[in-house]
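Please read the structure below before turning to the comments.
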Number of protein chains: 2
Amino acid sequence: MQEKNARVLSVQGVKRLPYYLKLLKELQAEGTRYVPAAAIAESLGVYEVQVRKDLAAVSSQPGKPRVGFSVSGLIADIEHFLGYDSANVAALVGVGHLGQALMSYGGFEDYGLDIAAAFDRNSALVGQKIHDCEVFPMERLREICAERKIPIGIITTPADQAQTVCDQLVAAGIKAVWNFAHVRLKVPDGVLVQNEDMAVSFALLSNRLAQSMQEGNK
Amino acid sequence: MQEKNARVLSVQGVKRLPYYLKLLKELQAEGTRYVPAAAIAESLGVYEVQVRKDLAAVSSQPGKPRVGFSVSGLIADIEHFLGYDSANVAALVGVGHLGQALMSYGGFEDYGLDIAAAFDRNSALVGQKIHDCEVFPMERLREICAERKIPIGIITTPADQAQTVCDQLVAAGIKAVWNFAHVRLKVPDGVLVQNEDMAVSFALLSNRLAQSMQEGNK
(Lines give C-alpha, C1' and ligand atoms only; values in the text may rest on other atoms or scores of the structure.)
Protein backbone atom coordinates (compact mmCIF):
# COMPACT_ATOMS: atom_id res chain seq x y z
CA MET A 1 0.00 0.00 0.00
CA GLN A 2 2.68 2.45 1.01
CA GLU A 3 4.70 1.55 -2.07
CA LYS A 4 1.76 2.28 -4.30
CA ASN A 5 0.87 5.53 -2.60
CA ALA A 6 4.49 6.59 -2.62
CA ARG A 7 4.31 7.00 -6.36
CA VAL A 8 1.41 9.40 -6.28
CA LEU A 9 3.06 12.03 -4.09
CA SER A 10 3.98 14.95 -6.33
CA VAL A 11 7.31 16.75 -6.33
CA GLN A 12 5.56 19.60 -4.52
CA GLY A 13 4.37 17.07 -1.94
CA VAL A 14 7.88 15.70 -1.42
CA LYS A 15 9.07 19.30 -0.99
CA ARG A 16 6.55 19.83 1.84
CA LEU A 17 7.76 16.78 3.79
CA PRO A 18 10.87 18.44 5.29
CA TYR A 19 8.63 21.17 6.74
CA TYR A 20 6.32 18.58 8.29
CA LEU A 21 9.36 16.81 9.67
CA LYS A 22 10.81 19.99 11.15
CA LEU A 23 7.50 20.83 12.86
CA LEU A 24 7.01 17.26 14.12
CA LYS A 25 10.51 17.22 15.62
CA GLU A 26 9.82 20.52 17.35
CA LEU A 27 6.58 19.08 18.76
CA GLN A 28 8.40 15.92 19.87
CA ALA A 29 11.05 18.03 21.63
CA GLU A 30 8.24 19.80 23.52
CA GLY A 31 6.85 16.43 24.60
CA THR A 32 3.78 16.44 22.33
CA ARG A 33 2.73 12.89 21.43
CA TYR A 34 -0.22 13.46 19.10
CA VAL A 35 -1.01 16.21 16.62
CA PRO A 36 -4.19 16.83 14.59
CA ALA A 37 -3.87 17.50 10.85
CA ALA A 38 -5.54 20.87 11.38
CA ALA A 39 -2.76 21.98 13.73
CA ILE A 40 -0.07 20.98 11.22
CA ALA A 41 -1.97 22.82 8.49
CA GLU A 42 -2.23 26.00 10.54
CA SER A 43 1.42 26.02 11.62
CA LEU A 44 2.68 25.65 8.07
CA GLY A 45 0.08 27.69 6.20
CA VAL A 46 -1.05 24.68 4.12
CA TYR A 47 -4.67 23.53 3.59
CA GLU A 48 -5.73 20.73 5.92
CA VAL A 49 -6.92 18.57 3.02
CA GLN A 50 -3.44 18.88 1.51
CA VAL A 51 -1.80 17.84 4.78
CA ARG A 52 -4.05 14.76 5.02
CA LYS A 53 -3.30 13.82 1.42
CA ASP A 54 0.46 14.22 1.85
CA LEU A 55 0.54 12.23 5.08
CA ALA A 56 -1.63 9.46 3.64
CA ALA A 57 0.87 9.07 0.78
CA VAL A 58 3.82 8.46 3.09
CA SER A 59 2.28 6.92 6.20
CA SER A 60 -0.23 4.15 6.79
CA GLN A 61 -0.95 5.38 10.33
CA PRO A 62 -4.57 6.28 10.88
CA GLY A 63 -5.14 9.55 12.73
CA LYS A 64 -7.01 8.99 15.99
CA PRO A 65 -10.27 10.87 16.33
CA ARG A 66 -9.89 14.00 18.50
CA VAL A 67 -6.15 13.52 19.17
CA GLY A 68 -4.72 13.24 15.69
CA PHE A 69 -1.57 11.49 14.44
CA SER A 70 1.22 9.95 16.47
CA VAL A 71 4.14 12.39 16.25
CA SER A 72 6.85 9.73 16.54
CA GLY A 73 5.03 7.47 14.05
CA LEU A 74 4.82 10.23 11.44
CA ILE A 75 8.48 11.14 11.96
CA ALA A 76 9.55 7.54 11.33
CA ASP A 77 7.34 7.19 8.25
CA ILE A 78 8.45 10.47 6.67
CA GLU A 79 12.11 9.71 7.37
CA HIS A 80 11.70 6.30 5.78
CA PHE A 81 9.94 7.74 2.74
CA LEU A 82 12.69 10.32 2.25
CA GLY A 83 15.42 7.73 2.70
CA TYR A 84 16.79 9.54 5.75
CA ASP A 85 16.96 6.29 7.67
CA SER A 86 19.47 4.79 5.25
CA ALA A 87 23.00 6.11 5.07
CA ASN A 88 23.15 9.29 3.00
CA VAL A 89 26.87 9.73 2.98
CA ALA A 90 28.24 12.30 0.56
CA ALA A 91 31.52 13.56 -0.83
CA LEU A 92 31.73 17.25 -1.67
CA VAL A 93 34.03 18.61 -4.38
CA GLY A 94 34.90 22.31 -4.45
CA VAL A 95 35.46 23.94 -1.06
CA GLY A 96 34.67 27.56 -2.01
CA HIS A 97 32.01 29.75 -0.39
CA LEU A 98 29.15 27.53 -1.56
CA GLY A 99 30.91 24.31 -0.59
CA GLN A 100 31.65 25.71 2.85
CA ALA A 101 28.06 26.95 3.16
CA LEU A 102 26.82 23.40 2.55
CA MET A 103 29.41 21.89 4.88
CA SER A 104 28.36 24.23 7.68
CA TYR A 105 24.62 24.16 6.95
CA GLY A 106 23.04 23.26 10.27
CA GLY A 107 20.01 21.58 8.82
CA PHE A 108 21.56 18.54 7.17
CA GLU A 109 22.30 16.40 10.21
CA ASP A 110 18.57 16.34 10.93
CA TYR A 111 17.96 15.14 7.39
CA GLY A 112 20.27 12.19 7.30
CA LEU A 113 22.97 13.80 5.16
CA ASP A 114 26.54 13.25 6.28
CA ILE A 115 29.18 15.06 4.22
CA ALA A 116 31.97 12.63 5.04
CA ALA A 117 34.77 13.98 2.90
CA ALA A 118 35.54 17.12 0.90
CA PHE A 119 37.95 17.59 -1.97
CA ASP A 120 39.64 20.63 -3.47
CA ARG A 121 42.53 21.23 -5.82
CA ASN A 122 43.70 24.18 -3.74
CA SER A 123 46.52 22.78 -1.60
CA ALA A 124 46.02 25.57 0.97
CA LEU A 125 42.66 23.99 1.87
CA VAL A 126 43.87 20.39 1.98
CA GLY A 127 44.17 19.02 5.49
CA GLN A 128 41.80 21.62 6.98
CA LYS A 129 38.71 20.53 8.86
CA ILE A 130 35.47 22.37 8.21
CA HIS A 131 32.71 21.36 10.61
CA ASP A 132 34.45 18.05 11.33
CA CYS A 133 34.87 17.25 7.67
CA GLU A 134 38.40 16.93 6.32
CA VAL A 135 39.47 18.42 3.00
CA PHE A 136 41.46 16.00 0.81
CA PRO A 137 43.40 16.59 -2.43
CA MET A 138 41.61 15.73 -5.70
CA GLU A 139 44.08 12.89 -6.29
CA ARG A 140 42.49 10.93 -3.43
CA LEU A 141 38.86 11.36 -4.60
CA ARG A 142 38.54 8.05 -6.38
CA GLU A 143 40.25 6.02 -3.68
CA ILE A 144 38.29 7.53 -0.77
CA CYS A 145 34.87 7.46 -2.48
CA ALA A 146 35.33 3.88 -3.67
CA GLU A 147 36.75 2.62 -0.37
CA ARG A 148 33.96 4.17 1.74
CA LYS A 149 31.32 3.27 -0.89
CA ILE A 150 30.04 6.87 -0.83
CA PRO A 151 26.76 7.04 -2.80
CA ILE A 152 26.34 10.84 -3.21
CA GLY A 153 28.63 13.39 -4.83
CA ILE A 154 28.08 17.11 -4.33
CA ILE A 155 29.63 19.36 -6.97
CA THR A 156 30.31 22.96 -5.91
CA THR A 157 33.15 23.69 -8.33
CA PRO A 158 33.13 26.37 -11.05
CA ALA A 159 31.13 25.33 -14.13
CA ASP A 160 34.17 24.60 -16.30
CA GLN A 161 35.43 21.92 -13.91
CA ALA A 162 32.10 20.28 -13.12
CA GLN A 163 31.98 17.67 -15.90
CA THR A 164 35.51 16.42 -15.17
CA VAL A 165 34.68 16.17 -11.47
CA CYS A 166 31.42 14.40 -12.30
CA ASP A 167 33.25 11.82 -14.43
CA GLN A 168 35.66 11.18 -11.55
CA LEU A 169 32.79 10.75 -9.10
CA VAL A 170 31.00 8.33 -11.42
CA ALA A 171 34.22 6.35 -11.90
CA ALA A 172 34.47 6.12 -8.10
CA GLY A 173 31.04 4.50 -7.90
CA ILE A 174 28.80 7.46 -6.97
CA LYS A 175 25.06 6.79 -7.54
CA ALA A 176 23.69 10.34 -7.32
CA VAL A 177 25.13 13.75 -8.14
CA TRP A 178 23.91 16.95 -6.52
CA ASN A 179 25.14 19.57 -8.94
CA PHE A 180 25.42 23.25 -7.99
CA ALA A 181 27.45 24.25 -11.06
CA HIS A 182 25.82 26.10 -13.96
CA VAL A 183 26.27 23.37 -16.54
CA ARG A 184 24.26 20.37 -17.72
CA LEU A 185 26.20 17.26 -16.75
CA LYS A 186 26.40 14.12 -18.83
CA VAL A 187 26.20 10.90 -16.80
CA PRO A 188 25.72 7.21 -17.66
CA ASP A 189 22.28 5.61 -17.24
CA GLY A 190 21.57 4.68 -13.67
CA VAL A 191 23.26 7.72 -12.14
CA LEU A 192 20.87 10.36 -10.78
CA VAL A 193 21.58 14.05 -11.23
CA GLN A 194 19.82 16.79 -9.36
CA ASN A 195 20.65 20.28 -10.52
CA GLU A 196 20.68 23.10 -8.01
CA ASP A 197 21.73 25.83 -10.36
CA MET A 198 21.46 29.30 -8.80
CA ALA A 199 21.23 30.94 -12.23
CA VAL A 200 18.30 28.66 -13.09
CA SER A 201 16.57 29.34 -9.78
CA PHE A 202 17.02 33.03 -10.32
CA ALA A 203 15.55 32.72 -13.83
CA LEU A 204 12.35 31.31 -12.32
CA LEU A 205 12.09 34.15 -9.82
CA SER A 206 12.90 36.82 -12.38
CA ASN A 207 10.31 35.44 -14.81
CA ARG A 208 7.62 35.36 -12.10
CA LEU A 209 8.48 38.91 -11.06
CA ALA A 210 8.42 40.16 -14.68
CA GLN A 211 5.02 38.52 -15.20
CA SER A 212 3.57 39.94 -11.99
CA MET A 213 4.83 43.41 -12.95
CA GLN A 214 3.10 43.05 -16.35
CA GLU A 215 -0.13 41.97 -14.64
CA GLY A 216 0.16 44.96 -12.33
CA ASN A 217 0.61 47.37 -15.24
CA LYS A 218 -2.47 46.17 -17.11
CA MET B 1 0.97 36.08 -29.40
CA GLN B 2 4.04 36.01 -27.23
CA GLU B 3 1.95 36.91 -24.18
CA LYS B 4 -0.34 33.99 -24.82
CA ASN B 5 2.45 31.53 -25.49
CA ALA B 6 4.30 32.75 -22.44
CA ARG B 7 1.70 31.15 -20.25
CA VAL B 8 2.09 27.70 -21.72
CA LEU B 9 5.81 27.31 -20.99
CA SER B 10 6.15 24.91 -18.06
CA VAL B 11 8.36 25.46 -15.03
CA GLN B 12 10.70 22.85 -16.52
CA GLY B 13 10.74 24.89 -19.73
CA VAL B 14 11.62 28.10 -17.87
CA LYS B 15 14.41 26.17 -16.13
CA ARG B 16 15.89 25.19 -19.50
CA LEU B 17 16.04 28.80 -20.74
CA PRO B 18 19.20 29.80 -18.84
CA TYR B 19 21.03 26.89 -20.50
CA TYR B 20 19.87 28.01 -23.95
CA LEU B 21 20.98 31.52 -23.07
CA LYS B 22 24.40 30.39 -21.90
CA LEU B 23 24.94 28.38 -25.10
CA LEU B 24 23.67 31.20 -27.34
CA LYS B 25 26.02 33.70 -25.68
CA GLU B 26 28.94 31.33 -26.18
CA LEU B 27 27.98 30.99 -29.86
CA GLN B 28 27.67 34.78 -30.18
CA ALA B 29 31.12 35.24 -28.62
CA GLU B 30 32.50 32.87 -31.27
CA GLY B 31 30.88 34.96 -34.01
CA THR B 32 28.11 32.48 -34.89
CA ARG B 33 25.03 34.30 -36.23
CA TYR B 34 22.59 31.46 -36.84
CA VAL B 35 22.04 28.16 -35.06
CA PRO B 36 19.77 25.25 -36.00
CA ALA B 37 17.48 23.78 -33.30
CA ALA B 38 19.20 20.41 -33.81
CA ALA B 39 22.58 21.90 -32.82
CA ILE B 40 21.10 23.42 -29.65
CA ALA B 41 19.46 20.09 -28.84
CA GLU B 42 22.68 18.17 -29.25
CA SER B 43 24.81 20.58 -27.22
CA LEU B 44 22.42 20.48 -24.28
CA GLY B 45 21.27 16.87 -24.43
CA VAL B 46 17.62 17.88 -24.96
CA TYR B 47 15.26 16.52 -27.64
CA GLU B 48 15.02 18.74 -30.72
CA VAL B 49 11.23 18.80 -30.53
CA GLN B 50 11.53 20.11 -26.96
CA VAL B 51 13.94 22.84 -28.06
CA ARG B 52 11.56 23.95 -30.81
CA LYS B 53 8.63 24.00 -28.40
CA ASP B 54 10.51 25.98 -25.76
CA LEU B 55 11.80 28.53 -28.26
CA ALA B 56 8.37 28.95 -29.86
CA ALA B 57 6.94 29.81 -26.44
CA VAL B 58 9.35 32.68 -25.85
CA SER B 59 10.22 33.91 -29.33
CA SER B 60 8.17 34.75 -32.40
CA GLN B 61 11.22 34.49 -34.67
CA PRO B 62 10.85 31.90 -37.37
CA GLY B 63 13.87 29.66 -37.86
CA LYS B 64 15.30 30.01 -41.36
CA PRO B 65 15.48 26.80 -43.40
CA ARG B 66 18.99 25.34 -43.43
CA VAL B 67 20.56 28.06 -41.25
CA GLY B 68 18.34 28.03 -38.19
CA PHE B 69 17.55 30.75 -35.67
CA SER B 70 19.16 34.16 -35.29
CA VAL B 71 21.45 33.90 -32.25
CA SER B 72 21.10 37.57 -31.26
CA GLY B 73 17.34 37.49 -31.81
CA LEU B 74 16.91 34.47 -29.53
CA ILE B 75 19.13 36.02 -26.87
CA ALA B 76 16.99 39.18 -26.84
CA ASP B 77 13.71 37.23 -26.73
CA ILE B 78 14.81 34.89 -23.94
CA GLU B 79 16.21 37.79 -21.90
CA HIS B 80 12.94 39.65 -22.30
CA PHE B 81 10.88 36.60 -21.34
CA LEU B 82 12.98 36.07 -18.22
CA GLY B 83 12.81 39.73 -17.28
CA TYR B 84 16.59 40.09 -17.52
CA ASP B 85 16.22 43.26 -19.55
CA SER B 86 14.44 45.05 -16.72
CA ALA B 87 16.35 46.02 -13.60
CA ASN B 88 16.70 43.05 -11.26
CA VAL B 89 18.28 44.84 -8.37
CA ALA B 90 18.45 42.92 -5.11
CA ALA B 91 19.33 43.42 -1.48
CA LEU B 92 20.88 40.47 0.34
CA VAL B 93 20.50 39.92 4.07
CA GLY B 94 22.86 37.57 5.90
CA VAL B 95 26.50 37.71 4.78
CA GLY B 96 27.58 34.23 5.91
CA HIS B 97 29.06 31.54 3.66
CA LEU B 98 25.91 31.21 1.56
CA GLY B 99 25.42 34.97 1.28
CA GLN B 100 29.03 35.40 0.20
CA ALA B 101 28.67 32.51 -2.24
CA LEU B 102 25.76 34.29 -3.91
CA MET B 103 27.55 37.65 -3.87
CA SER B 104 30.56 36.13 -5.59
CA TYR B 105 28.64 33.81 -7.94
CA GLY B 106 30.03 34.60 -11.36
CA GLY B 107 26.89 33.74 -13.27
CA PHE B 108 24.50 36.41 -12.07
CA GLU B 109 25.77 39.40 -14.02
CA ASP B 110 24.92 37.53 -17.20
CA TYR B 111 21.42 36.99 -15.90
CA GLY B 112 20.49 40.53 -15.06
CA LEU B 113 20.80 40.18 -11.29
CA ASP B 114 22.59 43.00 -9.51
CA ILE B 115 23.07 42.51 -5.75
CA ALA B 116 23.29 46.20 -4.96
CA ALA B 117 23.48 46.11 -1.17
CA ALA B 118 24.07 43.55 1.55
CA PHE B 119 23.09 43.68 5.21
CA ASP B 120 24.32 41.88 8.30
CA ARG B 121 23.96 42.34 12.03
CA ASN B 122 27.61 41.40 12.56
CA SER B 123 29.40 44.73 12.92
CA ALA B 124 32.71 43.13 11.88
CA LEU B 125 31.28 42.68 8.38
CA VAL B 126 29.73 46.14 8.08
CA GLY B 127 31.66 48.43 5.76
CA GLN B 128 33.37 45.56 3.95
CA LYS B 129 33.05 45.22 0.21
CA ILE B 130 32.44 41.76 -1.24
CA HIS B 131 32.65 41.70 -5.03
CA ASP B 132 31.92 45.44 -5.20
CA CYS B 133 28.90 45.16 -2.95
CA GLU B 134 29.00 47.01 0.36
CA VAL B 135 27.78 45.44 3.61
CA PHE B 136 25.50 47.75 5.64
CA PRO B 137 24.15 47.41 9.19
CA MET B 138 20.60 46.03 9.58
CA GLU B 139 19.43 49.42 10.87
CA ARG B 140 19.86 50.87 7.38
CA LEU B 141 17.94 48.12 5.52
CA ARG B 142 14.61 49.89 5.33
CA GLU B 143 16.06 53.26 4.34
CA ILE B 144 18.37 51.87 1.61
CA CYS B 145 15.83 49.45 0.09
CA ALA B 146 13.08 52.07 0.02
CA GLU B 147 15.30 54.85 -1.30
CA ARG B 148 16.73 52.76 -4.13
CA LYS B 149 13.33 51.10 -4.77
CA ILE B 150 14.96 47.65 -4.64
CA PRO B 151 12.44 45.03 -5.83
CA ILE B 152 14.14 41.78 -4.71
CA GLY B 153 15.22 40.66 -1.26
CA ILE B 154 17.53 37.67 -0.80
CA ILE B 155 17.42 36.02 2.61
CA THR B 156 20.50 34.01 3.60
CA THR B 157 20.15 34.32 7.37
CA PRO B 158 19.67 31.45 9.83
CA ALA B 159 16.08 30.13 9.86
CA ASP B 160 15.16 31.75 13.18
CA GLN B 161 15.85 35.25 11.85
CA ALA B 162 14.29 34.84 8.42
CA GLN B 163 10.69 35.89 9.18
CA THR B 164 11.80 39.09 10.96
CA VAL B 165 14.09 39.96 8.06
CA CYS B 166 11.31 39.16 5.59
CA ASP B 167 8.92 41.52 7.42
CA GLN B 168 11.54 44.28 7.29
CA LEU B 169 12.08 43.72 3.56
CA VAL B 170 8.33 43.81 2.87
CA ALA B 171 8.01 47.01 4.92
CA ALA B 172 10.78 48.51 2.76
CA GLY B 173 8.78 47.83 -0.42
CA ILE B 174 10.33 44.59 -1.69
CA LYS B 175 8.18 42.78 -4.31
CA ALA B 176 9.87 39.37 -4.36
CA VAL B 177 11.74 37.36 -1.75
CA TRP B 178 14.32 34.73 -2.61
CA ASN B 179 14.45 32.68 0.55
CA PHE B 180 17.37 30.35 1.34
CA ALA B 181 16.41 29.79 4.99
CA HIS B 182 14.74 26.55 6.09
CA VAL B 183 11.43 28.09 7.13
CA ARG B 184 8.12 28.86 5.43
CA LEU B 185 7.76 32.63 5.29
CA LYS B 186 4.49 34.49 5.70
CA VAL B 187 4.10 37.45 3.35
CA PRO B 188 1.18 39.70 2.37
CA ASP B 189 -0.65 39.10 -0.92
CA GLY B 190 1.21 40.52 -3.88
CA VAL B 191 4.67 39.63 -2.59
CA LEU B 192 6.32 36.69 -4.35
CA VAL B 193 8.35 34.14 -2.42
CA GLN B 194 10.65 31.63 -3.97
CA ASN B 195 12.09 29.08 -1.58
CA GLU B 196 15.57 27.74 -2.20
CA ASP B 197 15.77 25.53 0.81
CA MET B 198 18.80 23.24 0.78
CA ALA B 199 17.13 20.79 3.16
CA VAL B 200 14.14 20.58 0.82
CA SER B 201 16.34 20.11 -2.24
CA PHE B 202 18.22 17.39 -0.43
CA ALA B 203 14.93 15.70 0.49
CA LEU B 204 14.08 15.41 -3.21
CA LEU B 205 17.46 13.88 -4.04
CA SER B 206 17.37 11.51 -1.07
CA ASN B 207 13.87 10.34 -1.96
CA ARG B 208 14.86 9.71 -5.59
CA LEU B 209 17.97 7.82 -4.48
CA ALA B 210 15.98 5.71 -1.98
CA GLN B 211 13.43 4.85 -4.68
CA SER B 212 16.09 3.95 -7.24
CA MET B 213 17.81 1.73 -4.66
CA GLN B 214 14.48 -0.04 -4.01
CA GLU B 215 13.96 -0.53 -7.75
CA GLY B 216 17.47 -1.92 -7.99
CA ASN B 217 16.84 -4.41 -5.19
CA LYS B 218 13.66 -5.82 -6.71
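Computed from a predicted model, the values in this text were never measured in an experiment. Numbered from 1 within each chain, the chains take letters A, B, ... in sequence-line order.
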Side chain, backbone, both or neither: which part of B/I152 has an atom under 4.5 Å from a heavy atom of chain A?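 Just the side chain, heavy atoms under 4.5 Å.
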Which bit of B/L17 comes within less than 4.5 Å of chain A, counting heavy atoms only: side chain, backbone, both or neither?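 For B/L17, neither part sits under 4.5 Å from chain A.
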Hey, which of B/L82, B/L9, B/V58 is the one that makes side-chain contact (heavy atoms from CB on, under 4.5 Å) with A/N207?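 The residue from B/L82, B/L9, B/V58 that satisfies side-chain contact (heavy atoms from CB on, under 4.5 Å) with A/N207 turns out to be B/L82.
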[X], [atom1] atom: more than 12 neighbouring heavy atoms under 6.0 Å:
{"X": "B/D160", "atom1": "CG", "value": "yes"}
{"X": "B/R208", "atom1": "CZ", "value": "yes"}
{"X": "B/K25", "atom1": "NZ", "value": "yes"}
{"X": "A/E26", "atom1": "CD", "value": "yes"}
{"X": "A/E42", "atom1": "CD", "value": "no"}

When heavy-atom pairs shorter than 4.5 Å are enumerated against chain A, which of B/L113, B/V14, B/L98, B/V193 gives the highest number?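 Sorted descending by pairs with chain A, the first entry is B/L113.
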[options]: which one forms the most heavy-atom pairs within less than 4.5 Å of chain B?
{"options": "A/A176, A/S201, A/G83, A/A210", "answer": "A/S201"}
{"options": "A/M103, A/K186, A/K22, A/E196", "answer": "A/K22"}
{"options": "A/T156, A/V183, A/V11, A/N195", "answer": "A/V183"}

Return the minimal non-hydrogen interatomic distance between B/A203 and A/Y84, and the atom names on each side.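 Nearest pair, atom of B/A203 first, then A/Y84: CB-OH, 3.1 Å.
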What's the spacing between [X] [atom1] and [Y] [atom2] if we round to 0.5 Å?
{"X": "B/R184", "Y": "A/R16", "atom1": "CZ", "atom2": "CZ", "answer": "7.0 Å"}
{"X": "A/Q194", "Y": "B/F202", "atom1": "CD", "atom2": "CZ", "answer": "9.5 Å"}
{"X": "B/F180", "Y": "A/M198", "atom1": "CZ", "atom2": "CE", "answer": "5.0 Å"}

A side-chain contact here means heavy atoms from C-beta on lying under 4.5 Å apart; do [X] and [Y] qualify?
{"X": "A/N88", "Y": "B/L209", "answer": "yes"}
{"X": "B/V200", "Y": "A/Y19", "answer": "yes"}
{"X": "B/P18", "Y": "A/D197", "answer": "no"}

